[in-house]
Structure formats: structure tokens, C-alpha cells
Amino acid sequence: MSIYDTLNEQQREAVFCTQGPLLLLAGAGSGKTRVLTHRICYLMEQGVNPYHILAITFTNKAAKEMRERVDSLVEFGSEHIWVSTFHSTCVRILRRHIDLLGYDNSFTIYDGDDQKSLIREICKRFNIDTKMLPERAIINSISSAKDEFMTPAEYETTYQYDFKKKKIADIYKEYQKQLKANNALDFDDLIFKTVELFQFHPEVLEKYQERFQYIMVDEYQDTNTLQFHLISMLARKYKNLCVVGDDDQSIYKFRGANVKNILNFEGQFPDATVIKLEQNYRSTKSILDAANGVIKNNQTRKDKALWTENVDGELIEFHQYGTEYEEAANIVQKIEELSAEGEPYKNMAILYRANAQSRVFEEKFMLKNIPYRIVGGTNFYQRKEVKDMICYLKVVNNGMDDLAAKRIINVPRRGIGATSIDKIQTYAMEQEIGFMDACFQAQEIETLKTAKKKVQKFGDVILGYRNYLEDHSLEELFQYILETTGYIKDLEQQETEEATARIENINELLNKVVSYEEEAEEPNLSELLEEIALVADIDNLEESDNKVVLMTMHSAKGLEFPNVFLCGMEDGVFPSYMTITSEDSEELEEERRLCYVGITRAKERLFLSAAKRRMMQGRTQFNKVSRFIDEIPKELLKVDRGINFSDKRPDHDIFSSSRNTKFRKPFQRRQLDLPKTESLDYKEGDSVNHIKFGVGKVTSIVSGGRDYEVTVDFEKAGQKKMFASFAKLKKV
DNA sequence: CTCCTTTGTCTTTTT
DNA sequence: GACAAAGGAG
């Protein structure tokens, strides 16, 4: 009896197929992690040195789990396998070789917030109207350019006749210049620079090709073009590349993921073996059928049929509540009931479309004293106080990080305001030196008057820290910074709840520093900062905590729970307003894939819910039940009359008229009991004004349930479809 | 320079 | 409703 006997035929085939390119199409819950771990194990049995194996996962958490699972299968050697995310892999490579590209090896990693600050600064300097060109759009454009391996120069020549893009090209160019001057890389650069390194230094590439003779990539459907490039460079020599993915679970198009990577794999590697894993081991039949019912509405997908031998299981429950508060109250109550029946809290997860939806649940859980954990949202390391302390560490570590220096120069208050900072910056640019270096030369800056001394003093403080680190540990440095800045003392004096929470956060960061120093082989500041920059919130989700988990469906990818609550199943929430109004049908399909991911997280029970009205951005919105609910086969759904409705209005069950609902569109009768938008003051053919798109002509008005769907041909923006209640069109 | 108030702007997902 | 940016008083 070998460990491979428990695998099914396709799984075994995949495990034993070790040579040459292999595409593994693995449906949700089909045991792909088992296949990957067993495959690694088999490779080692075949005499492959674990040193030659590279496995790329999507999160650090997945990497850790994979290593542990391999470790439980093999007797020794698992620690030599290189298992990590794309980003961590690249950092490891760049730390060794980035000097070949003219960067310092102690480079800093910029997160999304840093990126935004830098872009904002550049826009200000370039006098760019961020109303015409929002920062978000600029960042996205630069990010997509990098995803396509396009340098600023290439971007400029490609788009020289497009006014807006030409502007972006200027910003992109300056942005890269600044990054380099600050000795910093953003997330995309980590991959980009690694590819560049391999391109310009074939001897380095060859070294890694020799090292990584067997490569595996998980969640392959979510790789972008640049990542594909990286992988194919590495695999070019030995061609032992195994990619695992599911096109139905591709949910990161918005950040550059390219489904074509998986759809065209056989085109890129013509001799590839393709194996499909279609048996689901995770979910009950009802849950799986519901998921299949939804996903089959997508036009562009590889045909496949996921099946299971599992029991039918319970029906899927769907409730429509009056408000999001009722929704939360009832879900929490259900969780209490399940808990009373003996279900551990950690077996229950609440999944939603957007992070903002977590708040109502959090309030309820606190009130009821139920342990919970929210994953995502504002990351721990993005909190003001934590970020402040990190910036101190960054400045100590990398003297060229202007952004970090500017952040802390007046935190705590040192009497150095915006005008002084500008003066230092101007001087730094004239002298072509870094911001921090300019601070060290404060005496030379003529424009500074009373601030001269203060800036000088700040410089001395930083120099003091650097000296201190020479013969002290990181923990000691951190403590020293806390003391000398008086950061905690300031907070203590405030005596507010908020301040106490901040102190706790700083202490948690201190814990991180301590535990890093204990675990690392050779602790150093760069590595600590890199660990901080590259962790995702999900990475810290401990299997052992018995807590209800709350997170977005995006974050839930790759996880599974016995009981799953999918809330906010409303058109406008999920699918989101953005995707409904977009004319690109691809976006709705991605949203549907997300729904598929959400449903397939559930093993035993699935609860779906919606609210008739909910507060969104301070306005009450009336939402129709999500179209995805409609796509689930009716016989799988159990729709109860609302329980515990707190508002006394007669409640109309959406399926109420009779059992015999097969022939009617289930949700249409709702238009009777929901307030319709006030009658419109414009009709087809009228000219109307929209706050963003300007003037246009109404081409059609369709009554869709509680709202009107209005199509307008705008003079500038072209044709748009919108809901009357959202669009606030004015007749002109 | 700092602190407080007011105004305006959004709609998503993240390494 | 939340949060950032701008404006105003000390």
C-alpha cells in the first residue's frame, strides 16, 4: 500500500507525469493541493533533489501549508524545496542580484499607499488635474504597463498620439525615476525587475534555470502576462513545468490576471500533457449543483463537468431581509444556533463582495461576544501608528527612502511644517541629493530660518538610531525609537479608547519584531521590512483559533468551510454596481466566477441572503435580489418566510404566490411591493444632463423591476446604460 | 505651524 | 457614511 493508492485515476496520472509541460485543469475542490504535494513527494522518490524543485503559490499561507503537507509525506528534505509566492520568490532573487541593475541590495518595497503618495506628489509637481486624470487611473495604467513588460520609453512611443496616455507616460517615467532615487520597488517592479535581470544577465538566468529544474505553479488562472514571462524563462531549459488552475475561478482580471495564460497553455507548450480533475471531494451535491447552475451561464469557458459522489446534503437556504441590519442579526443568530448544536465557530464563514460589508457583522459579534476574525480590509500594517513606526525603520534602513523620511519628519510634532518640507525638498533637488541627506545638511539650506535647528536635530535623531543599531538588536532599536520619540507617551496622554487601541497595535508590531528576530537565521532590518511588506492578511489566519471568519470572496479563494454564509446577494452589491453598468460583458462573467468561487467554498451547508434596502455610501439603496440567485436551480433552494423581521411592514416572500412558480420569473412580482423611482421627468428622445458624462440623448427607457434602466447616448462619453435612481439625470 | 470645522468625493476585489 | 482635502482662527 503506497500513499498514491488513495488518489483517483486522474490524480495519479498527474502525480506520475513528471517530465515535460503539464497542464492540470483542476475544478473547485478536486484535490489539487493533494496532487501537488504527492507529486513533489513522487519527484523526490524518483531521486530528484528537493533543491531543484520550485513551487509557486498564491499566498504565503498556501506556501506554508504546502510545505507542511509535503513534510508529513516524506521523511526528510522538504525544507530544501523552494515554496513561495511570486513576489517573495522575486525578492529573494533580487536581494542577491539587483545591484546588477544599478539598485542597492537593501532596496525598500513600496505598498499601495506609498505608491499613491508618490503619484500624488508627482501630479502636484507636474500640475496635473486629478479630476481629469484620477490617481487611481494613473496607478492602474502604470501597473498594466508593467504587467505587459512595457518600459516608460516604450509606453511613450506607443501612445505618443494619445493626449491622456502621453501624460501618463510622463508620470510613469518620473515615477520610475523617483523609485530608483529612493531605492524602492513597487509590487509590480518585483516581478518586472526580475524579468529584466534575467533578460540582461543570462548568466544569472542560467543559474536559476539549473536550480529550478522542476517548477510548479498553483492558481495559474490568476497569473498575469509578466508572471507567465518569468515562469517561461525559468522553465525554458528543462521544460518541466506543471501549472494548475481552473479558468472558472479566475477572479483577478482587474489586477492584470490573464486567463489566456491557462487557455493558451497548449499553444505555448505544444507538447503539453493535459489532465482534467473533475471529481469534487469537498461539497455536497446540492452545493455543487448550485455552483454549476451559476457558472454555466458564462459564455467564455472551457467546457467541463464537475461531479461528486458526496451525499445530496441539505438544501441551500435563501432569505431576503428588510435591511442589512436584519440580515446580520439573523445570520449571527443562525451562527449561535449552529454553535449550540456543537459546530465550532471556525467552521463558519461569512463571505461578502466588499470589505465595507463587514461592519454590521462586527458590531453584532461584539455585542453578542462571539469570537470572530475579519480578514482583509485595512491591513494591520496600513494603520497610521504602525506605518509611522515602520517608516522610522525604513529610514534607518534605507537612507534614500524620501517618502518614509517625509512621513516621519514631523511625527511626533517637531515644528517642521509643509513649507519647511518643501524648502528641504527644493534644496535636495538642486543639489541632486536625497531628502534625508538634505536634512543632514540643514545648516546649508538658506531658505530655512527658525526651522534650521529643528531639521538639524531631526537629522541627528536618525543618525543616532543608525549608530544605535550597530551594537543593538532590532527589538532594542524599536524600543529605543519608541522612547526617544515619545510616541507611546503621547498616546497615553490622550486617554481615549482610540489611543489605547493604537498602543496595542504598536505593541503587536513590537511582537512581530521580536518573533522575527527569534525565527530568522540572520536577522536584519531589510528582511524584516520585506516580511512586513509581503504578508497578506490571510497569511495570518490561524487554523487553531476557534473564530467565525469574515472576508471577501476574493480572499476566500483556496479555502473551505463546512458552513458558508454568502451575504449581500443583491444586484448592485453582488454583482457590483460597477459591473452591472459596464458595457463589457466580460466583467459580469468575472463576477459570476467570483460567485462560483464563493459557493464552492462550502462543504456542507450554504446560506444565501439579501437585503431589500441597505445603506451604501450614506444613501439608502433598494436592491433587487441578485441575478445569481436566479441562476441556481430552484429545487435546490429553500426559501423560508422571513424570520425575526423587525420592521412590521407586511413582508412579501419573493416566492410567495404559490409553489407553482416554475413558469413565472421569480422576482418580477417584487416590483409591486417596492417603491419605484418617482416618475421620470424625461422620456425617450429628450436631452438630459449627467453629473459626470455631461449632455446626452435618451435612446431608451426600460422598466426593470423597481427601477428604470435608461440608455443615454452622451456627446462625449458615448452610450451608457444606467439606473434612473442612480444616474440622477436632469432634463435640459 | 497647529488644530478644528467644513466641504466634497466617492461606489469593488489585492500581492 | 467615511475620509480626505481645503479653509479659517488662534
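All chains are named by letter (A, B, ...) in the order of the sequence lines, taking the proteins before the strands, and each is independently numbered beginning at 1.
- A donor-acceptor contact closer than 3.5 angstrom is absent between the side chains of A:Tyr325 and A:Glu363.
- Of the residues near DNA chain B, A:Gly415 and A:Leu534, the one whose nearest nucleotide (by heavy atom distance) lies more toward the 5' end is A:Gly415.
- OP1 or OP2 of B:dC1 lies within a sub-4.0 Å distance of a side-chain N or O belonging to A:Thr419.
- Aromatic ring pairs are classed by plane angle as parallel below 30°, tilted from 30° to 60° and perpendicular above 60°; the pair A:Tyr372 and A:Phe365 is parallel.
- Where A:Ala536 and A:Lys454 each meet DNA chain B at their nearest nucleotide, the meeting point lying more 5' is that of A:Lys454.
- Listed candidates were B:dT2, B:dT13, B:dC1. Nearest to the side chain of A:Arg413 is B:dT2.
- In this entry the distance linking OH of A:Tyr110 with P of B:dT15 reads 20 Å, nearest Å.
- B:dT15 atom P lies 13 Å from atom OH of A:Tyr381, rounded to whole Å.
- The side chain of A:Phe254 approaches B:dT13 more closely than any other nucleotide in the set B:dT11, B:dT15, B:dT13.
- Stacking here means ring centres nearer than 5.5 Å and ring planes tilted less than 30 degrees, and by that measure A:Phe86 does not stack onto B:dT15.
- Atom CG in A:Leu594 sits about 11 Å away from atom P in B:dT13, given to the nearest Å.
- Rounding to whole angstrom units, CD of residue A:Gln382 and C1' of B:dT15 are separated by 12 Å.
- Taking atom C1' in both B:dT12 and C:dA5, the straight-line distance is 23 Å, to the nearest Å.
- Under 4.0 angstrom from either OP1 or OP2 of B:dT2 there lies at least one side-chain N or O belonging to A:Asn410.
- Within the nucleic acid shown, A:Thr579 has no heavy atom closer than 4.0 Å to any nucleic acid atom.
- Pairing partner, B:dT13: none, since no Watson-Crick or wobble contact has both distances short of 3.5 Å.
- Aromatic rings of A:Tyr110 and A:Tyr175 (six-membered ring for Trp) have centroids beyond the 6.0 Å cut-off, not under it.
- In terms of heavy-atom proximity, A:Gln382 sits nearest to A:Gly377 at OE1-O, 4.0 Å.
- Within 4.0 Å (heavy atoms only), A:Arg593 reaches no atom of the nucleic acid at all.
- With respect to A:Asp248, the side-chain contact (heavy atoms from CB on, under 4.5 Å) criterion is satisfied by exactly one of A:Glu589, A:Arg301, A:Arg592: A:Arg301.
- In this structure, the nucleotide among B:dT14, B:dT15, C:dG1 sitting nearest to the side chain of A:Phe187 is B:dT15.
- Using a 4.0 Å cut-off, no side-chain N or O of A:Arg414 falls inside it from OP1 or OP2 of B:dC1.
- Using a 4.0 Å heavy-atom distance criterion, A:Phe574 is classed as making no nucleic acid contact.
- Rounded to whole angstrom, the span from the CE atom of A:Met615 across to the C1' atom of B:dC10 amounts to 15 Å.
- Between B:dT14, B:dT2, B:dC1, one nucleotide has an atom nearer to the side chain of A:Arg255 than all others, and that is B:dT14.
- The CD1-P distance, from A:Ile139 to B:dT13, rounds to 15 Å in whole Å.
- Considering only side-chain atoms of A:Gln617, the nucleotide from B:dT11, B:dT13, B:dT12 that sits closest is B:dT11.
- Applying the 4.0 Å criterion to OP1 and OP2 of B:dT12, one finds that A:Asn355 has every side-chain N and O outside that range.
- Within 4.0 Å of A:Arg120, counting heavy atoms only, lie sugar-phosphate atoms of the nucleic acid but no base atom.
- Using a 4.0 Å heavy-atom criterion, one finds that A:Ser88 contacts no nucleic acid atom at all.
- Between A:Tyr352 and A:Phe361, the angle of the ring planes stays under 30°, which puts this pair in the parallel group of the 30/60° scheme.
- As a whole-Å value, the separation of A:Asp113 CG from C:dC3 C1' is 13 Å.
- Here A:Asp188 lies out of heavy-atom contact (under 4.0 Å) with every strand.
- Ion pairing between A:Glu196 and A:Lys193 holds under the 4.0 Å rule for side-chain N and carboxylate O.
- Side-chain N/O atoms of A:Asn224 include none lying less than 4.0 angstrom from OP1 or OP2 on B:dT15.
- Backbone-only engagement by A:Ser555 is indicated by non-hydrogen atom pairs under 4.0 Å involving sugar-phosphate atoms exclusively.
- Between the CD atom of A:Glu587 and the P atom of B:dT11 there is a distance of 14 Å, given to the nearest Å.
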